[in-house]
Enquirer: 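I have a structure here, written as structure tokens, and I will follow up with some questions on it.
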Amino acid sequence: MKNKILVTGGCGYIGSHTVVQLIENNFEVTILDNLSNSQENVIDSIKEITGRKPYFLKCDLKNLKHLENILKYHKGFDAIIHFAAHKAVGESVQNPLMYYQNNLTGLINLLASAKKYKIDNLIFSSSATVYGKPKSLPISEKNKTQRPSSPYGNSKKVAEEIIEDLAAASKDFSAISLRYFNPIGAHKSGLIGELPTGIPNNLMPYITQTAIGLREKLMVYGNDYPTKDGTPIRDYIHVEDLADAHVKALSRLLNKNQESNFEVMNLGTGNGFSVLEVIKTFEEVTQQKLNYEITQRRAGDVPELYADAKLAEEKLNWKADRTLDEMIKSSWVWEQKARKQS
Ligand code: NAD
Ligand code: UD1
């Protein structure tokens, strides 16, 4: 019998790539999403890639009654992968309550309903932002977390603490929190990818939108950091490698291979690239000239952030091995296809 998995936020960027790999690994997938930052036609693209259509439930996690009714009716989930959250850092600074309400009330409602309907396994989407400004590099899970600089980041830190408390109180409940570094790239088919609404905050969608002519130029936020070329260094990871890690983490939970019922793991490549290196690689692999300008630092940015990814390698038997070239190429293919469709 197939394991039944509930994927919240499964229409979104990382969720949709994970749903593809879950289906390819023979899981029965139900997506729960309120479509606040995604579109339902992603489900058709998932079907086009995999040949199977996941079930879809439109629901807002903030609506506890609706959520409980759904779980009462759709019984028998073996695990939840919880992607659903708001994720725009700047917006969270402007409107912190909206972020705490969506990301924390949503989580608490989900955990309470899961408890009521006996769904004991959870994978949570966390972020390297929980490390704040790191004191040493690479960052391993042993590094202490610090208060992140934004309400978005703090919602991830508090969410992890809530899940940890629940795991301590209930031995039947098991969770793995996956701390993503910088996910970029798109599915090799070019059928799914990241489609930010409005002006992108993150580097890669800003680059591809500039190259395609939607934005006039990319602003590089600072070249006076203590790094090799003065621009900040990040650990970019291909979204398909990230999705693969979720499938492996899920197997670890379902096979009860965990060493404790709350685990955290970094998901990164362990390699850091500067903003200028990303730009140069983009220009090389796509043969597009990028219009960019160096400007002032962006508030809240840290100079350097890259993972010690050994724990996930060892515990999940997983490695992020797609290269920066592949990440950039797939982002570019996706951008071009997405603009043709819209
Ligand atoms: P995304 O916005 O593309 O996907 C999130 C999905 O959740 C969307 O489809 C949205 O409609 C849905 N959603 C939001 N609030 C909801 C609610 N209350 N009820 C139901 N559905 C809701 O984001 P993503 O990039 O795929 O990120 C997925 C997860 O990973 C998020 O939790 C995010 O914070 C985390 N994360 C993302 C990154 C990144 O760079 N993309 C990095 C670290 C962590
Ligand atoms: C940001 C968030 C982080 C979140 C992650 C994924 C901040 C401070 N951090 O990480 O909490 O988990 O996105 O959503 O916002 N850059 C430019 N020009 C641009 C955009 C970015 O130079 O137009 C630079 C940034 O200064 C940074 C690097 O590119 O050095 C990567 O930026 P970004 O993609 O936004 O990711 P993070 O800042 O690492």
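Side-chain atoms are counted along with the backbone in the values below, which use heavy atoms only and exclude waters and symmetry mates. By convention here, the first residue in the shown sequence is residue 1. These numbers come from a predicted model, not from an experiment.
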Enquirer: Considering residues, nucleotides and ligands other than Lys118, do more than 12 of their heavy atoms fall under 6.0 Å from its NZ?
Expert: no
Enquirer: Verify whether one side chain among Ser36 and Asn34 offers a donor that lies under 3.5 Å from an acceptor in the other.
Expert: yes
Enquirer: With side chains defined as the heavy atoms from C-beta onward, is the minimum distance between Leu311 and Ser140 less than 4.5 Å?
Expert: no
Enquirer: Could you verify whether a donor N or O on one side chain and an acceptor N or O on the other, from Ser155 and Asn103, lie under 3.5 Å apart?
Expert: yes
Enquirer: Any chance CZ of Arg297 has more than 12 other-residue heavy atoms, nucleotides or ligands included, within less than 6.0 Å?
Expert: yes
Enquirer: Is it true that Lys72 and Glu68 make a salt bridge, defined as a side-chain N closer than 4.0 Å to a carboxylate O?
Expert: no
Enquirer: Lys53 and Asp44: salt bridge (charged side-chain N to carboxylate O under 4.0 Å, His left out), yes or no, with the steps?
Expert: CA-CA 7 Å; Lys53 197 169 181 165; Asp44 298 326; 3.6 Å; yes
Enquirer: Please examine the side chains of Val220 and Arg298, heavy atoms only from C-beta on, and report whether any two atoms are closer than 4.5 Å.
Expert: no
Enquirer: Evaluate the criterion side chain to side chain contact (heavy atoms under 4.5 Å, CB included) for residue pair Val7 and Thr30; output intermediate values, then yes/no.
Expert: CA-CA 6 Å; Val7 181; Thr30 300; over 6 Å; no
Enquirer: Could you give me the CA-CA distance, side-chain angles and deciding distance for Lys157 and Glu164, then say whether salt bridge (charged side-chain N to carboxylate O under 4.0 Å, His left out) is met?
Expert: CA-CA 11 Å; Lys157 181 169 177 287; Glu164 187 174 10; over 6 Å; no
Enquirer: Between Glu24 and Thr50, is there a side-chain donor-acceptor contact under 3.5 Å, judged purely by atom types and distance?
Expert: no
Enquirer: Could you please spell out the steps behind the salt bridge (charged side-chain N to carboxylate O under 4.0 Å, His left out) verdict for Lys280 and Glu284?
Expert: CA-CA 6 Å; Lys280 194 166 150 270; Glu284 276 166 14; 3.6 Å; yes
Enquirer: Show your reasoning for whether salt bridge (charged side-chain N to carboxylate O under 4.0 Å, His left out) applies to Glu40 and Lys58.
Expert: CA-CA 9 Å; Glu40 203 174 333; Lys58 187 166 180 209; over 6 Å; no
Enquirer: Can a donor-acceptor pair be found between the side chains of Tyr225 and Asp301 at a distance below 3.5 Å?
Expert: no
Enquirer: Are Asn109 and Lys62 linked by a side-chain donor-acceptor pair shorter than 3.5 Å?
Expert: no
Enquirer: Classify the side-chain pair Thr323/Asp325 by whether it contains a donor and acceptor separated by less than 3.5 Å.
Expert: no
Enquirer: Do we get Lys217 above Tyr292's six-membered ring, with its NZ or CZ under 6.0 Å from the centre and within 45° of the axis?
Expert: no
Enquirer: Near Tyr55 OH, under 6.0 Å, is it more than 12 heavy atoms from other residues, nucleotides or ligands?
Expert: no
Enquirer: Is the distance between the ring centroids of His246 and Phe83 under 6.0 Å?
Expert: yes
Enquirer: Do we see a donor-acceptor contact under 3.5 Å between the side chains of Glu304 and Thr227?
Expert: no
Enquirer: Tell me whether the count of non-hydrogen atoms from other residues, nucleotides or ligands lying under 6.0 Å of CG in Leu35 goes above 12.
Expert: yes
Enquirer: Between Ser330 and His238, is any pair of side-chain heavy atoms under 4.5 Å apart?
Expert: yes
Enquirer: A side-chain contact here means heavy atoms from C-beta on lying under 4.5 Å apart; do Tyr180 and Pro183 qualify?
Expert: yes
Enquirer: Salt bridge check: are Glu263 and Lys315 linked by an N-O gap of less than 4.0 Å?
Expert: no
Enquirer: So Trp318 and Val247, do their side chains get closer than 4.5 Å, heavy atoms only?
Expert: no
Enquirer: Any heavy-atom pair between the side chains of Ile5 and Ile80 that's under 4.5 Å?
Expert: no
Enquirer: Only one of Asp321, Asp241, Asp235 forms a side-chain hydrogen bond (donor to acceptor under 3.5 Å, both in side chains) with Thr269, so which one is it?
Expert: Asp235
Enquirer: Any side-chain heavy atom of Gln146 sitting closer than 4.5 Å to one from Tyr131?
Expert: no
Enquirer: Within a strict 4.5 Å, meaning less than it, do heavy atoms of the Phe273 and Ile233 side chains meet?
Expert: no
Enquirer: Return each pair, listed once, that meets side-chain hydrogen bond (donor to acceptor under 3.5 Å, both in side chains) where at least one residue sits in residues 73-82; pairs must be two or more places apart or across chains.
Expert: Asn3-Asp78, Thr8-His82
Enquirer: Check whether the side chains of Asp229 and Ser274 place a donor and an acceptor atom closer than 3.5 Å, and report yes or no.
Expert: yes
